[in-house]
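The analysis underlying the following values was restricted to heavy atoms, covering all of them including side chains, and did not include hydrogens, waters or symmetry mates. Whatever order the structure lists them in is the order used to number ligands and atoms, beginning at 1.
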Amino acid sequence: MIKGFIFDLDGVITDTAELHFEAWKKLSDEMGWHFDRELNEKLRGISRMDSIKVIMDHNHVTLTDDAVVELATKKNNIYVASLDTMTPNDYLPGAKELLTHLRQEGFLVALGSASKNAIKVLQQLNATHFFDVIGDGNSVAKSKPAPDIFLYASEKLKLQPGNCVVFEDAEKGIDAAIAGGFHSVGIGPEERVGHAEVRFNSMKEATFFEVKSFFSDFF
Ligand code: G6P
Ligand code: MG
């Protein structure tokens with residue numbers, strides 16, 4: 001029986017990938033590192049520290065731990081400043097409608113994001129009230145593809161993983177949902193989230209009606 005829904009944030013509720021890209025690009029330009037949209041795709045869903053390691057490995061760069069933290073903080077300051085431009089008009093099409101519908105139908109709803117800035121993003125969108133539980137980058141130590149953030153959310157909702165559906169746009173996010181024993185909905189192309197239980201190209205197609213039809217045996 002499905003009783004709860006756990007949403008990733010970036011790429012599911014809102015599209016922060018572009019803002020992350022611009023911030024990493026600015027840092028990389030300053031450092032003389034190569035960084036492009038293809039590499040940015042590899043950062044989808046993974047933590048800030050894992051992200052900088054991916055960029056440094058790509059550029060064959062090694063630095064002390066302190067220097068890496070300093071650079072990741074620099075990127076974060078650029079990113080956080082750019083979040084000030086985000087408004088309640090910046091939901092991905094369909095996301096607000098689905099959240100509204102799920103609440104009306106009495107489902108429990110949680111956030112399961114790798115971002116340490118998730119609360120700020122939710123505040124900018126005026127979306128905090130949709131969530132019974134907020135799991136973010138500060139909630140658990142191990143980030144996706146480990147299932148920990150989704151397990152944290154389901155525990156706080158007092159639900160078993162098998163009673164929850166995870167919405168994710170990242171390959172590693174779907175890996176995490178599967179590893180935790182959750183139902184999964186992939187948002188995006190087959191090559192990225194084709195391993196989800198069901199996949200939609202965008203949140204606009206993931207309507208309550210479509211989701212309910214797919215999981216009808218579990219309602
Ligand atoms: C999300 C994004 C990633 C980002 C991560 C950490 O999962 O998809 O691209 O690296 O959050 O975000 P943060 O706001 O903590 O740097
Ligand atoms: Mg995401």
Side-chain angles (χ1 to χ4, degrees), residues 5-28 35-58 68-86 90-92 94-95 98 110-125 127 134-150 152-153 165-178 182 184-189 192-193 195-196 199-203 206:
F5 287 80
I6 305 173
F7 287 87
D8 172 50
L9 178 64
D10 302 299
V12 172
I13 308 288
T14 186
D15 186 16
T16 47
E18 188 61 25
L19 300 178
H20 278 295
F21 171 76
E22 284 164 16
W24 283 125
K25 179 75 182 143
K26 196 162 181 201
L27 178 78
S28 298
F35 184 71
D36 60 13
R37 285 178 192 280
E38 200 183 327
L39 192 54
N40 192 50
E41 269 302 303
K42 299 210 168 100
L43 312 183
R44 199 176 274 271
I46 66 170
S47 72
R48 194 183 313 157
M49 291 311 290
D50 286 347
S51 297
I52 195 163
K53 280 168 200 152
V54 168
I55 300 170
M56 285 171 53
D57 283 353
H58 179 83
V68 177
V69 169
E70 197 178 308
L71 292 176
T73 304
K74 197 168 181 185
K75 177 268 173 182
N76 190 53
N77 292 338
I78 301 167
Y79 174 67
V80 171
S82 73
L83 288 178
D84 286 335
T85 62
M86 185 178 274
D90 290 322
Y91 284 88
L92 277 167
L98 180 60
L111 191 81
S113 168
S115 174
K116 293 190 170 175
N117 298 300
I119 289 178
K120 162 111 177 142
V121 172
L122 292 181
Q123 282 168 347
Q124 293 292 126
L125 290 171
I134 294 176
D136 65 12
N138 304 297
S139 308
V140 294
K142 270 203 262 170
S143 48
K144 302 165 190 175
D148 301 33
I149 187 64
F150 297 137
Y152 171 90
V165 178
V166 166
F167 273 69
E168 254 296 347
D169 70 307
E171 182 179 354
K172 290 195 169 65
I174 296 295
D175 292 343
I178 294 171
F182 294 87
S184 57
V185 175
I187 304 297
R192 203 167 75 208
V193 290
H195 52 322
R199 183 190 71 80
F200 298 98
N201 286 323
S202 70
M203 281 297 281

message = Within 2.8 Å of the Mg ion (ligand 2), is there any N, O or S atom belonging to E168?
response = no
When you compare ligand 1 with [X], is there at least one nitrogen or oxygen pair between them that comes in under 3.5 angstrom?
| X | value |
| --- | --- |
| D8 | no |
| S113 | no |
| S115 | yes |

query: Should G45 be listed as contacting ligand 1, given a heavy-atom distance under 4.0 Å as the test?
result: yes
Original post:
Would you call G137 a ligand 1 contact, heavy-atom distance under 4.0 Å?
Top reply: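 No, that is not the case, since the closest heavy atom of the residue is not under 4.0 Å from the ligand.
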[X] side chain to [Y] main-chain N or O, any donor-acceptor pair under 3.5 Å?
| X | Y | result |
| --- | --- | --- |
| T14 | T16 | no |
| R199 | G188 | yes |
| H195 | E171 | yes |

Any side-chain heavy-atom pair from [X] and [Y] closer than 4.5 angstrom?
| X | Y | value |
| --- | --- | --- |
| I46 | S143 | no |
| D90 | T85 | no |
| K120 | V80 | yes |

Under 4.0 Å to a heavy atom of [X] - the qualifying atoms of ligand 1, by number:
| X | result |
| --- | --- |
| R48 | 6 (C), 13 (P), 15 (O), 16 (O) |
| S51 | 10 (O) |
| K116 | 13 (P), 14 (O), 15 (O) |

d(I52 CD1, K74 NZ) to nearest 0.5 Å is 10.5 Å
One should read off an interatomic distance between N117 CG and L83 CG, to the nearest 0.5 angstrom, of 6.0 Å
Check: Can you tell which of N117, V80, I46, L43 gets a heavy atom nearest to atom 4 (C) of ligand 1?
Finding: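 Looking at heavy atoms only, I46 sits closest to atom 4 (C) of ligand 1.
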Discussion item. Using a strict threshold of under 4.0 Å (side-chain N to carboxylate O), is an ion pair present between E41 and R44?
Written reply: yes
Nearest heavy-atom approach of L122 to L9 is CD2-CD1, 3.8 Å
If you check every N/O/S atom of [X], which is the one nearest the Mg ion (ligand 2)?
| X | result |
| --- | --- |
| D10 | O |
| D169 | OD1 |
| D8 | OD2 |

Any heavy atom of T16 under 4.0 Å from ligand 1? The part involved is neither
the protein heavy atom lying closest to atom 2 (C) of ligand 1 turns out to be D10 OD2, 3.4 Å
